[in-house]
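In what follows, every chain begins at residue 1, and chains take the letters A, B, ... in the order their sequences are listed.
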Amino acid sequence: MGLKYTKIKGTRDILPEEYSLWRELLERAFKILRSYGYNFIVTPTFERTELFIRSIGDTTDIVEKEMYTFTDRGGRSLTLRPEGTAPVVRAYLENHLIPPQKLAYFMNMFRAERPQKGRFREFWHLGVEFIGVRDPSADAEVVELAYRLVHEFGVKEIKLEINSIGTVEDRKRYREVLLDYLRARKDELCEDCRRRMERNPLRVLDCKIDGPKLLDAPLLTDYLSQASKSYFEDVLEYLRRWGVPFEVNKRLVRGLDYYTETAFEIKSGALGAQDSVGGGGRYDGLVEELGGPPTPAVGFALGFDRVLIASGLQGYREPLDYFIAYLGDEAREKGFEVLQALRKRGKRAEISHEKKSLKSQMKLADRLGARYALIIGDEELARGVVKVRDMETGEEKFLKPSELP
RNA sequence: GUGAGCGUAGCUCAACUGGCAGAGCAUCGGACUGUGGAUCCGAGGGUUGGGGGUUCAAGUCCCCUCGCUCACCCCA
């Protein structure tokens, strides 16, 4: 309170207790991703603004309102990455990686939105991009992997929704049909939807107000080509066979042009209005869009911050193996000696750097969660031992430093 | 960008229709100068988010502003 320097709106500090949870969940994730053949990649925090404009397209709202864009000293327009797919594909092309590639990442992202529950201006994505393969089994594997991770993270009330959005051509045809339908009902639509209609008609169907009223609206599913339909059926068949519970949501869409075929989203009832913990799908158009050869790809991103909220898991403080307490200068020196030896053995050990009363030192030992307190005084010095106090039972015994457990 | 709710000690919250800013927890110290977690005693810690106004008097009423939270918009 009254502090001059506080964190920027929409950012947050990850304190030690929460970080312990990050580490725990990330370790589980690394293990799983490794087993699926993924390799990790990290790209720069900022890129040319052009990269994102090209990948996101002409959705001006996003470009103008939601991105952190600035001009550097050379006059170039740069943008803090709002998502991971375009940078990873850029890195894939720029470094001449050979398909197929399974790339995973854990990186922070930036979007200039008003914060709300589970939505921050700086947030973390755990994602994967499987580049160079087009087969229903690849889509299904990516979906299954996302589901498995979310499950492994302990996210509560998981719901996996999936749909096919076909090809760009399929969507173009459908868009016209849907627009005709919506225009005919313009008067019944809410204010937002009337505005939304011309710019992004597919979104009108998941409007909280109008969506439920438009039950007889034409569905994208019915306008897919035969090839897309059977591709989707094959994806679902794999999921069934692998025991992944899903729900087909025929209104699930993606806004950008480079998306194709499979689209999915994982939601959790443990979140607020922003109830998606992650999503993904196939994007066969993007690699070419960014200047590479036509290359199929599929991937997903999980919102790590939301995963944490939806898992309900609490962090914990890392306990100490030993705390060394001493009485007098000579004992202090001996204490540091023992401390070094313990640390060399990989033990988590601490000492009171400031000379304080034994009582204060014991208090510190307790607060730091020490398993054992080692007490060194004149008596111990003379006998070449330390007094080992079990902080749980209060039991004490004398041991030579080399005999410590 | 829009809307609503909330800002009092480090944390959780009190303070009747305007009348001396408090408690619990936490922190530090002492009771116990070689022993933590329990108990008892004590201490520190606040421009009541900030600014302005009304009033003899403002945490309380009015205006402005900042911050937080949630929702809308948007959602790559």
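Rounded to an integer number of Å, the gap from A:K356 NZ to B:G29 C1' is 11 Å. Rounded to an integer number of Å, the gap from CG of A:L286 to P of B:A76 is 14 Å. Between A:K387 atom NZ and B:G34 atom C1' the separation is 6 Å, expressed in whole Å. Per the geometry, CG belonging to A:D192 stands 11 Å off P belonging to B:C72, to the nearest Å. For A:Q361 and B:G34, the CD to C1' distance is 10 Å, given to the nearest whole Å. Atom pair A:R367:CZ and B:C28:P shows a separation of 5 Å (rounding to whole Å applied). In this entry the distance linking CD1 of A:I375 with P of B:U35 reads 9 Å, nearest Å.
Pair assignment for B:G46 gives none, since no Watson-Crick or G-U wobble pairing has each distance under 3.5 Å. B:C40 and B:G30 make up a base pair, with Watson-Crick or G-U wobble contacts both under 3.5 Å. The partner of B:A9 is absent, by the rule that a Watson-Crick or G-U pair needs both atom distances under 3.5 Å.
Using a 4.0 Å heavy-atom distance criterion, A:R114 is classed as a base contact.
Not counting sequence neighbours, the partners of A:Y322 by the ring pair (Phe, Tyr, Trp, His ring centres under 6.0 Å) test are A:Y372.
For the contact set between residues 262-280 of chain A and RNA chain B, defined by any heavy atom under 4.0 Å, the members are A:G272, A:A273, A:Q274.
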Could you list the donor-acceptor pairs under 3.5 angstrom formed between side-chain atoms of residues 260-267 of chain A and any protein atom two or more places apart in sequence or on another chain?
from: A:T260; atom 1: OG1; to: A:D284; atom 2: N; distance (Å): 3.2
from: A:E261; atom 1: OE1; to: A:S228; atom 2: OG; distance (Å): 3.0
from: A:E261; atom 1: OE2; to: A:R134; atom 2: NH2; distance (Å): 3.3
from: A:E261; atom 1: OE2; to: A:S228; atom 2: OG; distance (Å): 3.3
from: A:T262; atom 1: OG1; to: A:D139; atom 2: OD2; distance (Å): 2.7
from: A:E265; atom 1: OE1; to: A:R254; atom 2: NH2; distance (Å): 3.2
from: A:K267; atom 1: NZ; to: A:E161; atom 2: OE1; distance (Å): 3.4

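Side-chain to base pairing of A:R203 with B:C74: no donor and acceptor N or O lie closer than 3.5 Å to each other.
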